[in-house]
> 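I have a structure I would like to understand better, so I am pasting it below and will then ask my questions one at a time.
Each residue takes its place number in the sequence, starting with 1.
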Amino acid sequence: MNTRILDSARTFTAVQISAMLCVAVVTATFLLPAAASAQDTPDDAVVDEIIITGSRIPRSGFETLQPATVLDAENLELRGAINLARALNEQAGFVAPSTSPIGGQAADETGQNFVDFLGLGQQRTLVLVNGQRFPAGAAPNGAGGLSVDLNSIPEILIDRVETIAIGGAPIYGSDAIAGTVNIILREDFEGLEFTGSMGQSPEYSDAEEYRFGATWGRNFDEGRGNIAIAMQTTSVEGLGYIDRPATATDVGFESPGDPNSPYSLELFQDLTVAVDNVTAFPLYFGNQFGFGIFGNGVQLDANDPNSPITQFDLDGNILPFIPGGGTGSVIFQDGGDGLKLSNFTSLYTDSERYNANIFTNYEITDSVRFKAEAWFSRTEATELVNQPGYNSPAFGGQPGNDYGNVGNGPIPVLIDNPFLVPATRTTILAALDVVHDTDGDGAADPTIDTDGDGVADAVGFWRGGPLTGIVGKNPNSSKRDTLRGIVGFDGDIELGGRDYIWDVTYAWGRTQSDDSSTQIIQTNFEQAVQVVTDINGEPACADPSGGCVPIDVVGTATPEAVAYVSAFVTDQVTIEQRVFSANIGGDVFDLPAGPVGFAGGFVYREEEASYDPNDLGEKGFLRNTLTPVNGAFDSTEFYVETVVPLLGGDLDTPLVEALEFEGAVRFVDNSVAGNDTTWTAGL
């Protein structure tokens with residue numbers, strides 16, 4: 001229901017939030033003596049050969065077939081970004097991903113931060129760390145893919161981020177369809193560094209955020225080894241749509257109310273949902289009425305002949321419902337008492353992050369180095385508000401007369417329901433005596449089947465509207481942990497009189513997410529709405545088994561009734577990754593234009609994921625039955641790439657400084673998808 005309004009506000013919201021959260025950021029970095037990193041080299045130092053994103057061939061310079069964009073640590077600090085995803089999403093080529101803390105998020109996505117390059121989908125953007133795969137964060141019951149949650153990567157460790165389009169697939173894997181984002185970390189850190197930033201919206205004095213981090217490192221064994229430890233924590237205060245004037249007004253486009261308008265859409269300033277409101281409203285049903293796509297339900301005019309709709313207040317009294325107007329839509333109107341989606345839409349997710357990392361390396365010999373990494377990341381996030389769920393003709397259509405089979409449709413309410421305010425009962429009954437008197441005796445005929453024999457035996461009406469009094473603001477929350485460990489060796493070797501670099505690495509990673517949300521226990525709900533009067537004149541469940549607590553669906557439900565018909569339940573997502581890789585690269589021989597570069601490698605990768613719903617959902621007690629999901633695959637992959645100089649070097653050619661051929665091919669044997677080959681070639 002909220003798609004149109006969200007889409008119309010999302011672009012503005014993203015710009016607004018990014019701008020306001022970056023205002024008034026104060027960053028302080030304290031360096032103790034001897035603090036340095038590998039990038040701090042003397043001015044006259046020369047880097048002969050480097051490895052760049054999109055290729056594993058060591059080469060001088062930074063010219064490759066695939067253009068690259070680079071975001072360095074200094075730029076990250078200047079932007080005041082406390083999350084890498086926010087900084088990347090401000091870069092050309094990146095679009096707002098489908099999963100982001102801006103706007104609403106599903107329970108299994110709460111607080112996550114992905115990136116989407118070229119708008120081809122976040123699952124088609126491969127995120128690497130130091131050229132190595134990182135464990136995914138996307139739940140297997142969602143959009144799929146192996147998207148990396150950038151919350152797991154602390155900004156204080158980043159040296160630079162290199163992004164290339166398309167050409168990374170033969171080098172890293174076919175899921176680099178749109179592009180490859182390679183996050184390159186600082187190396188051989190020595191000293192002690194503290195970093196902190198704090199900020200808030202200067203206009204509204206909210207949306208507070210802070211980040212504190214510390215990095216310590218030192219060399220040992222006369223510089224042959226290095227160890228570094230980094231810790232970081234960040235916090236972001238969440239917002240709802242109603243916290244900003246630009247989104248609280250429910251601005252959006254709808255069809256014009258004037259059929260002669262020259263426009264197909266017009267901009268309205270206060271859109272409301274015409275067929276629902278925040279509180280409940282009475283409905284009656286009859287074959288002489290129709291309501292289009294929303295089933296055979298008509299709002300009951302029981303109070304004001306000038307208003308076609310009536311509604312209940314939170315105390316169960318009946319009062320006029322004032323509809324909006326101005327649009328040509330049967331769903332959205334401009335103004336009125338209809339439901340305002342801004343009241344139930346999150347603008348920015350409330351979150352806290354904790355990161356801890358240990359890195360070490362040691363030169364076993366002059367040509368062999370051992371390396372190891374340990375990662376821990378935790379994100380705790382809360383989506384502050386969500387739509388509440390509905391029992392309405394807009395979602396359930398026309399219900400049957402069965403008292404105990406509600407589904408998503410309007411809820412049957414007997415006219416002698418003890419929760420009804422006497423004045424309300426009198427008013428509604430007078431209206432029912434008119435609209436449900438088929439035999440002409442001046443009294444309403446039975447419309448609701450209370451004993452399940454298929455024959456209506458009680459007079460009543462139906463209650464429509466959202467379940468705001470049961471689920472409240474309906475928040476989602478998640479606690480997501482990512483663990484990662486890497487061990488490996490790298491170095492150089494001489495073969496045939498030529499030097500080659502090589503590396504062998506084993507990486508393991510695991511993401512576990514516990515995602516919680518408020519859910520309606522449908523079996524209890526349908527039992528609790530069947531309310532009768534007990535021998536003491538008090539409300540009671542028609543079926544009191546299981547400790548049933550009767551619920552007032554017209555006024556305000558008691559906390560005990562809410563606890564009986566709803567639960568804060570937790571689903572669990574687990575993703576595990578194991579990767580073994582080996583690479584070698586160097587110059588194989590010389591041509592007149594220069595040396596021919598070569599790189600090749602082997603990767604064996606295992607990925608597995610599972611979605612384990614809560615017992616209530618899996619066993620069918622909740623409103624929507626949840627199905628477990630699990631799966632796994634392994635992939636054996638080989639690749640080779642080459643750079644062949646055609647002109648340049650000793651082969652002097654007028655008007656041409658250099659001309660090179662680049663090519664790469666990757667063979668993939670996937671246990672699920674089968675065999676395939678991907679390649680790239682160009683000049």
> Identify which one of F359, W216, Y362 satisfies the side chain to side chain contact (heavy atoms under 4.5 Å, CB included) criterion when paired with I227.
W216

> Would you sort out whether R578 and E608 count as a side-chain contact (heavy atoms from CB on, under 4.5 Å), showing the intermediate values?
CA-CA 9 Å; R578 293 173 289 275; E608 60 183 77; 2.8 Å; yes

> Might you point out which heavy atoms bring S477 and F568 nearest each other, and give the distance in Å?
OG-CZ, 3.6 Å

> Would you kindly say whether E383 and T349 are connected by a side-chain donor-acceptor distance under 3.5 Å?
yes

> Check step by step if side-chain contact (heavy atoms from CB on, under 4.5 Å) holds for V385 and T345.
CA-CA 6 Å; V385 62; T345 306; 5.7 Å; no

> Indicate yes or no for a side-chain donor-acceptor contact from D514 to the backbone of Q572 under 3.5 Å, with no hydrogens or angles considered.
no

> From T180 OG1 over to L126 CG, what is the distance, rounded to the nearest 0.5 angstrom?
5.0 Å

> Are any of the side-chain heavy atoms of L71 and Q91 separated by less than 4.5 Å?
yes

> So F117 and R124, do their side chains get closer than 4.5 Å, heavy atoms only?
no

> Using 0.5 Å steps for rounding, measure from the CG atom of L76 to the CG atom of L84.
6.0 Å

> Can R56 and E641 be counted as an ion pair, charged N to O under 4.0 angstrom?
no

> What I'd like to find out is whether the side chain of N113 reaches to under 4.5 Å of the side chain of D149, using heavy atoms alone.
yes

> Specify the closest pair of heavy atoms between G173 and R133, including all atoms of both residues, with the distance to one decimal.
CA-NH2, 3.7 Å

> Check whether any side-chain heavy atom of E576 lies under 4.5 Å from a side-chain heavy atom of W508, and answer yes or no.
yes

> Do the ring planes of W375 and F134 sit parallel (below 30°), tilted (30 to 60°) or perpendicular (above 60°)?
perpendicular

> We want to know whether S367 and D492 form a side-chain donor-acceptor pair, criterion being a heavy-atom distance below 3.5 angstrom.
no

> Determine yes or no for a side-chain-to-main-chain donor-acceptor pair under 3.5 angstrom, with S377 supplying the side chain and T482 the backbone.
no

> Looking at every heavy atom in both F189 and L192, which two are closest together, and how far apart are they?
CE2-N, 4.3 Å

> Please round to the nearest 0.5 Å and tell me the distance separating atom OH of Y604 and atom OG1 of T636.
6.0 Å

> Taking N386's backbone N and O only, do any of them form a donor-acceptor pair with N476's side chain (distance below 3.5 Å, no angle check)?
no

> Evaluate the criterion side chain to side chain donor-acceptor pair (under 3.5 Å) for residue pair S517 and Q519; output intermediate values, then yes/no.
CA-CA 6 Å; S517 60; Q519 300 286 337; 2.9 Å; yes

> Please test F489 against I364 for side-chain contact (heavy atoms from CB on, under 4.5 Å), starting from the C-alpha separation and ending with a verdict.
CA-CA 10 Å; F489 299 87; I364 300 173; 3.7 Å; yes

> Please find the pair of heavy atoms, one from P170 and one from A664, that lie closest to each other, and give the distance.
CB-CB, 3.8 Å

> For T570 and K479: C-alpha separation, side-chain torsions, deciding distance, then whether side-chain contact (heavy atoms from CB on, under 4.5 Å) applies.
CA-CA 10 Å; T570 299; K479 183 180 73 172; over 6 Å; no

> Any sub-3.5 Å donor-acceptor pair from R510's side-chain atoms to P135's backbone N or O?
no

> So, taking the atom named CD1 in I183 and the one named CG in L88, what distance separates them when rounded to the nearest 0.5 Å?
7.0 Å

> Answer yes or no: is there a side-chain heavy-atom contact under 4.5 Å between F638 and V665?
no

> Return yes if some donor-acceptor pair links the side-chain N/O of D188 with the main-chain N/O of N226 below 3.5 Å, else return no.
no

> Is a side-chain donor or acceptor of D499 paired with a backbone partner of E494 at a separation under 3.5 angstrom?
no

> What distance separates L157 CG from I184 CD1, expressed to the nearest 0.5 Å?
13.5 Å

> Counting C-beta onward and ignoring hydrogens, is there a side-chain heavy-atom pair between I82 and S197 closer than 4.5 Å?
yes

> Could you check whether any side-chain N or O of N89 sits under 3.5 Å from a backbone N or O of A85, counting only pairs where one atom can act as donor and the other as acceptor?
yes

> Can you pull the salt bridge (charged side-chain N to carboxylate O under 4.0 Å, His left out) pairs that have at least one residue in residues 352-367, sequence neighbours excluded?
E155-R353

> If we check side chain to side chain donor-acceptor pair (under 3.5 Å) with Y611, which of these qualifies: T574, N630, D571?
D571

> Taking the basic N atoms (NZ, or NE/NH1/NH2) and the acidic carboxylate oxygens, is any pair closer than 4.0 Å for K371 and E373?
no

> Is there a donor-acceptor pair under 3.5 Å between the side chain of D350 and the backbone N or O of G238?
yes

> Tell me whether S513 contacts the main-chain N or O of V573 through its side chain, where contact means a donor paired with an acceptor under 3.5 Å.
no

> Which value, rounded to the nearest 0.5 Å, describes the distance between S55 atom OG and Y172 atom OH?
7.5 Å

> Using modelled atom types only, decide if a donor and an acceptor are shared between the side chain of T518 and the backbone of N474 within a distance under 3.5 Å.
no

> Would you mind reporting whether M231 and Y354 have side-chain heavy atoms less than 4.5 Å apart?
no

> How close do T247 and Y241 get, heavy atom to heavy atom, and via which atoms?
OG1-O, 2.7 Å

> If you define the side chain from C-beta out and look only at heavy atoms, does anything of V127 sit under 4.5 Å from L150?
yes

> Looking only at heavy atoms, what is the nearest atom pair of A136 and I575, with distance?
O-CD1, 3.7 Å

> Identify whether the distance between the nearest side-chain nitrogen and carboxylate oxygen of D515 and R480 falls below 4.0 Å.
yes

